[in-house]
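Quick note on labels: first sequence line is chain A, next is B, and so on, each numbered from 1.
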Number of protein chains: 2
Amino acid sequence: MRERLPPLVKPATRKITLAVDVVVLSPRSDALAVLLARSAPGGRERWSLPWDAPMPGEAFEDAASRITEASLGSAPALLEQVGAFADARRHPGDADVSVGVVALTPPAELSSLASAEWFSLSALPPLAPRHRAIVDRAITVARQRVDQSPLAFRLLPPTFTLSDLQGIYELLLGRRLHKASFRRALQASYLVEPTDEWRSEGRGRPAQLFRYAPRKRRGARRGVRFDLFTEG
Amino acid sequence: MRERLPPLVKPATRKITLAVDVVVLSPRSDALAVLLARSAPGGRERWSLPWDAPMPGEAFEDAASRITEASLGSAPALLEQVGAFADARRHPGDADVSVGVVALTPPAELSSLASAEWFSLSALPPLAPRHRAIVDRAITVARQRVDQSPLAFRLLPPTFTLSDLQGIYELLLGRRLHKASFRRALQASYLVEPTDEWRSEGRGRPAQLFRYAPRKRRGARRGVRFDLFTEG
DNA sequence: GCGAATTAGTAACGAAGTGTCACTAATGTC
DNA sequence: GACATTAGTGACACTTCGTTACTAATTCGC
């Protein structure tokens, strides 16, 4: 086993086809929703993630932004690559390799002309296996990033109530949070500032509107957490 | 802006070349080290990440394992993809796109025959720009994962002292930790169990050896942390 | 042999953070 | 006007965390 030496120079001879597949996420009536594009290859209605081949020299995130805009009508608020996927030939366009990108956008109505629709995560139509895997990975990545980056704020309009914000966190984390604790932690973070507007929505006391405005940056050097391991 | 409709079916026509580039990390004399392969294209000594084109149908992680084994002599303890990279034509093998993979392995001596060497992260030789980017990304990913997965244990031999473990965490996090706090948190996590062996290493009191043996799984449902945002 | 230096390991205290309950406030509904 | 509903806050108990200060076991220099 010792005499196997690495090749010094080996040309990457094999040519393959590449696609960028985008998972556009948005909150929609108390659930996370994914944007799917209609495609009817054989008369039956089928759905797939919006995708395209990147143009020569185009960065993956730029391609994802372009692809999102084509289906949604506007550019997403945040993009992040979630990895490359290669299970052989399970892509709607038969691409050998897909680069998955997750895109976040506040709730928005679709043009009724557009050949795309929102689907609740819990009620997705059948997808190509690779697209299924990319969606799952995108959700996992979003969930992991939730308290590393201000991701939740990208799923909301510029001003929002604290209950809205808490709702987004609950959607992303998949569990309920306690109101008082949530607000206390948010207060201590200096991430939002109140506006002087209030929103009355049906019954109950009107809620103050806030905007995302990170002010301080506490160099919060914390210890190590051993209790966050997600898997064996 | 409304009339732009997504293409229903668009073949991914462009063919490209693909490489898997591996960042093999290991602790080496109080610093993280990267495994680089020697390549001497023009007489001058040059270095690059171990890489190869994936074989048809081979998963990226499998390719990365194979590539690591060719340079290191053994398979790594943990592999994780860190993304696709596409800056045009800055790859040593001229691959259009690279899939970056980070591999972790305990300290190991290299065969002196092998055309690969360990380089401290702080003293890397010049690399192709894309390889530079993949190394940086690999470090970032490893640092982010440190308390989401038992990554640090993959950089240690099967048994280790708690000071060893703390040292790995300090290498990965890039800052010093307090001994008492570190041990208290580790104790509460039920991740390690003591062996009945002790190791005396030069001066000082001998240290007990532990092994990684996660026992309980506290469903530690914690609140939201707003103070961990890493960037604007 | 013996003290100094060095590394391992723990107890305990004060500060900060977190889960929870209970309350007040402002609106719509009947 | 009573009630349901949603927003927002105060306070208490409990946990967690950073830190200091200590004890324990070994090697080194003399």
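OP1 or OP2 of D/dG18 has at least one side-chain nitrogen or oxygen of B/S181 nearer than 4.0 Å. Within the structure, a side-chain polar atom (N or O) of A/H178 is placed less than 4.0 Å from OP1 or OP2 of C/dT20. OP1 or OP2 of C/dT18 has at least one side-chain nitrogen or oxygen of B/R225 nearer than 4.0 Å. Phosphate proximity of C/dA8 to B/S163: present, with a side-chain N or O under 4.0 Å from OP1 or OP2. Listed pair A/R183 / D/dG8 meets the phosphate criterion, a side-chain N or O lying under 4.0 Å from OP1 or OP2. Taking only side-chain nitrogens and oxygens, A/R205 never comes nearer than 4.0 Å to OP1 or OP2 of C/dA25.
Between A/A185 and B/W198, the residue whose closest nucleotide on DNA chain C is further toward the 5' end is B/W198. If A/A180 and A/G204 are placed on DNA chain D by their nearest nucleotide, the residue sitting closer to the 5' end is A/G204. The nearest heavy atom of DNA chain C to A/S200 and to B/A207 marks one nucleotide each, and the one closer to the 5' end goes with B/A207.
Rounding to whole angstrom units, CZ of residue A/F226 and P of D/dT15 are separated by 21 Å. Between B/L186 atom CG and D/dC17 atom P the separation is 13 Å, expressed in whole Å. A straight line from CG of B/L162 to C1' of C/dT10 spans 12 Å, rounded to a whole angstrom. A straight line from NZ of B/K179 to C1' of C/dA8 spans 6 Å, rounded to a whole angstrom. Between the CD atom of A/E201 and the P atom of C/dT29 there is a distance of 13 Å, rounded to whole Å. Distance, B/L177 CG to D/dG18 P: 9 Å, rounded to whole Å. A/E197 places its CD atom 18 Å from the C1' atom of C/dA26, with the value rounded to the nearest Å. Between A/L209 atom CG and D/dG8 atom P the separation is 9 Å, expressed in whole Å.
Between B/D87 and B/R132, no side-chain nitrogen of the basic residue sits less than 4.0 Å from a carboxylate oxygen of the acidic one, so the salt-bridge criterion is not met. Salt-bridge annotation for A/E170 and A/R175: absent, with no side-chain N of the basic residue lying under 4.0 Å from a carboxylate O of the acidic one. Using a 4.0 Å cut-off between charged side-chain N and carboxylate O, B/E109 and B/R28 make a salt bridge.
Side chain B/R184 to base D/dG18: a donor-acceptor pair is found below 3.5 Å.
The side-chain contact (heavy atoms from CB on, under 4.5 Å) test with A/Y169 is passed by exactly one of A/L172, A/L165, A/L171: A/L165.
In summary, the side chains of A/S122 and A/S120 do present a donor paired with an acceptor at a separation below 3.5 Å, with no hydrogens or angles considered.
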